[in-house]
Amino acid sequence: MEEKTYSAAIIGTGRIGFSLGLDEKREQPASHTMAILENKRIFLESAADTNAENLEKWKNYVLSKNPSVKIYKTSLELFSAHVPDIVVVSVNEDAHLEECLCAINARPRLVILEKPVALNSLEAQKIEQAAKEKNVPVMVNHERRFSADYRAAKDFLSKIGEIQSVRASLCSGLRVWAKEFENDGAYSLLHDGTHLVDIVHFLLGVDLSKETPVVTGIVRDEKGIVRNFSAHYQTEKISEIQFSMSGRSRFFSFDVEILGTIGKICIGNGYAKFYERKESKLYTGFYSLESVELPLPKKTGYFSGMIQNAVDFLDGTSALGSTLQDATKDLLVLEAIKAHF
């Protein structure tokens with residue numbers, strides 16, 4: 001039987017919606033547009049963006065792939081013309097609530113919402129309520145959940161014994177948090193921290209949204225903007241889960257280290273290392289951790305995997321790999337940390 005093709009539209013043709021797909025250094029596809037165009041099961045019909053320049057660049061690129069593609073100034077205009085099977089919402093954080101509600105009200109078969117869900121958990125809960133009322137499923141693009149290296153790490157957890165500690169850290173030059181930036185979401189705790197918390201939730205299968213963290217190491221600059229912190233959690237089975245963020249580093253890094261009783265996992269942007277307990281080559285009667293080589297593909301498929309999950313979900317062969325409910329819990333964790341600033 002011929003496989004069904006699903007139609008799609010993109011709301012927001014900026015960086016994550018489109019232009020990151022032109023970055024030669026990034027693993028491609030690296031944007032919603034490129035991932036959809038790569039998938040043979042999806043037909044990209046249209047896009048909307050209030051930024052005319054971004055929209056024109058998007059149109060000029062996509063025309064070579066689909067000569068009949070349509071563009072609209074607003075999402076309302078797009079939905080008045082047609083409602084596709086899949087609607088991707090990839091606008092700035094401060095427009096997530098409005099645009100996602102607009103998409104849900106149009107009643108497509110699936111909404112793919114760029115992370116974070118919204119500026120805060122209250123807005124996220126409004127999206128959840130609307131999705132429930134309209135019976136429209138929403139997937140949030142926490143793409144590391146679909147990445148081959150992180151999925152290998154999740155599978156390897158069974159080989160490292162009881163988990164002793166987890167350390168997840170992110171370093172960049174972007175401010176971690178300040179109250180004056182909450183209206184547009186232009187701070188790292190929200191923009192990048194949502195990835196940091198979500199991947200720990202995904203790997204460990206824990207829910208920290210109802211836990212209270214101990215927050216230490218808070219560093220503010222001369223303007224009172226938070227530049228560093230460490231948040232510590234403890235569960236019944238894991239004595240230490242630590243999230244650390246730096247907003248005064250002159251480099252970008254994303255790292256997760258999971259230490260078990262008989263092994264360890266170290267994974268981040270551009271690397272994945274796995275260790276198992278072996279008889280020591282250095283000391284008689286001792287055991288050491290030795291590196292284990294796992295067969296990983298050259299490409300992690302992080303973005304294409306997310307889009308394929310959307311297709312599989314619509315086919316009825318798979319559940320959503322990154323749900324709206326999980327992503328809302330990520331926001332609750334970030335807000336619990338922020339309460340200590």
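Reckoned from all heavy atoms, side chains included, excluding hydrogens, waters and symmetry mates.
- Judged by distance alone, with hydrogens and angles left aside, the side-chain atoms of Ser90 form a donor-acceptor pair with the main-chain N or O of Gly12 at under 3.5 Å.
- Judged by distance alone, with hydrogens and angles left aside, the side-chain atoms of Glu276 form no donor-acceptor pair with the main-chain N or O of Ile262 at under 3.5 Å.
- Remark: the backbone N or O of Asn228 is not paired with any side-chain donor or acceptor of Ser246 at under 3.5 angstrom.
- Asp149 and Tyr302 share no side-chain donor-acceptor pair at under 3.5 Å.
- Side chains of Tyr233 and Val200 form no contact here, defined as non-hydrogen atoms less than 4.5 Å apart.
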Steps toward side chain to side chain donor-acceptor pair (under 3.5 Å) verdict (Arg167, Ser165): CA-CA 7 Å; Arg167 289 179 172 82; Ser165 64; 3.2 Å; yes
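- Atom CD1 of residue Ile258 and atom CG of residue Leu203 lie 5.0 Å apart, to the nearest 0.5 angstrom.
- Between Asn309 atom CG and Glu143 atom CD the span is 13.5 Å, to the nearest 0.5 Å.
- Shortest non-hydrogen contact noted between Thr261 and Gln164 is CA-NE2, 3.6 Å.
- Ring orientation note: the planes of His82 and Tyr72 are tilted relative to one another, at an angle of 30° to 60°.
- With hydrogens and angles ignored, the 3.5 Å screen pairs a side-chain donor or acceptor of Asn66 with a backbone N or O of Leu44.
- Clustering ILVMFWY residues whenever any of their side-chain heavy atoms sit less than 4.5 angstrom apart, transitively, puts Val333 in a cluster other than the one holding Leu122.
- Between Glu93 and the choices Asn120, Asn183, Asp184, Leu119, the side chain to side chain contact (heavy atoms under 4.5 Å, CB included) rule is met once, by Leu119.
- In the model, Glu133 has a side-chain atom that pairs as donor or acceptor with a side-chain atom of Gln129 under 3.5 Å.
- Thr323 places no side-chain N or O within donor-acceptor distance of the main-chain N or O of Met139, the cut-off being under 3.5 Å.
- By the 6.0 Å contact criterion, CD on Glu279 is open, its count of non-hydrogen atoms from other residues, nucleotides or ligands being 12 or less.
- Arg144 and Asn269 share a donor-acceptor pair across their side chains, judged by distance under 3.5 Å alone.
- Checking side-chain atoms of Ser121 against main-chain N and O of Leu331 turns up no donor-acceptor pair under 3.5 Å.
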Exercise answer: donor-acceptor pairs, residues 283-295 side-chain atoms, under 3.5 Å, sequence neighbours excluded:
from	atom 1	to	atom 2	distance (Å)
Ser288	OG	Ser280	OG	3.1

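- For the residue pair Thr328 and Val117, the shortest heavy atom distance occurs at N-CG2, 4.1 Å.
- For the salt bridge (charged side-chain N to carboxylate O under 4.0 Å, His left out) condition, the pairs that include at least one residue of residues 319-341, sequence neighbours left out, are Arg145-Asp326, Glu182-Lys338, Asp207-Lys329.
- Within a 6.0 Å radius of NE2 in His232, more than 12 heavy atoms belonging to other residues, nucleotides or ligands are found.
- A salt bridge links Lys57 and Glu53; the closest N-O separation between the charged side-chain nitrogens and carboxylate oxygens is under 4.0 Å.
- For Lys154, the NZ atom is densely surrounded, since the number of other residues' heavy atoms within 6.0 Å is greater than 12.
- Taking each heavy atom of Asp23 and Gln28 in turn, the nearest pair found is O-NE2, 2.9 Å.
- Heavy-atom minimum distance, Met245 versus Ser188: CE-OG, 3.2 Å.
- Between Ala35 and Ile307, the closest heavy-atom pair is CB-CG1, 3.5 Å.
- Remark: Asn135 CG is loosely packed, at most 12 non-hydrogen atoms of other residues, nucleotides or ligands lying under 6.0 Å away.
- Using bins of under 30°, 30° to 60° and over 60° for the plane-to-plane angle, the ring pair His32/Phe303 lands in the perpendicular bin.
- Figure legend: Arg175 and Phe181 shown as a cation-pi pair, the cationic atom lying under 6.0 angstrom from the six-membered ring centre and within 45 degrees of its axis.
- Around atom CD of Glu162, no more than 12 heavy atoms belonging to other residues, nucleotides or ligands sit under 6.0 Å away.
- There is no side-chain donor-acceptor pair under 3.5 Å between His96 and Glu114.
- For the residue pair Thr194 and Asp198, no side-chain donor N or O sits within less than 3.5 Å of a side-chain acceptor on the partner.
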Starting from the C-alpha separation in whole Å, work towards a yes-or-no answer on side-chain contact (heavy atoms from CB on, under 4.5 Å) for Thr13 and Thr33. CA-CA 8 Å; Thr13 56; Thr33 296; 5.6 Å; no
Trace of the ring-ring contact (aromatic ring centres under 6.0 Å, His included) decision for Tyr61 with Phe18: CA-CA 10 Å; Tyr61 181 89; Phe18 171 56; 5.5 Å; yes
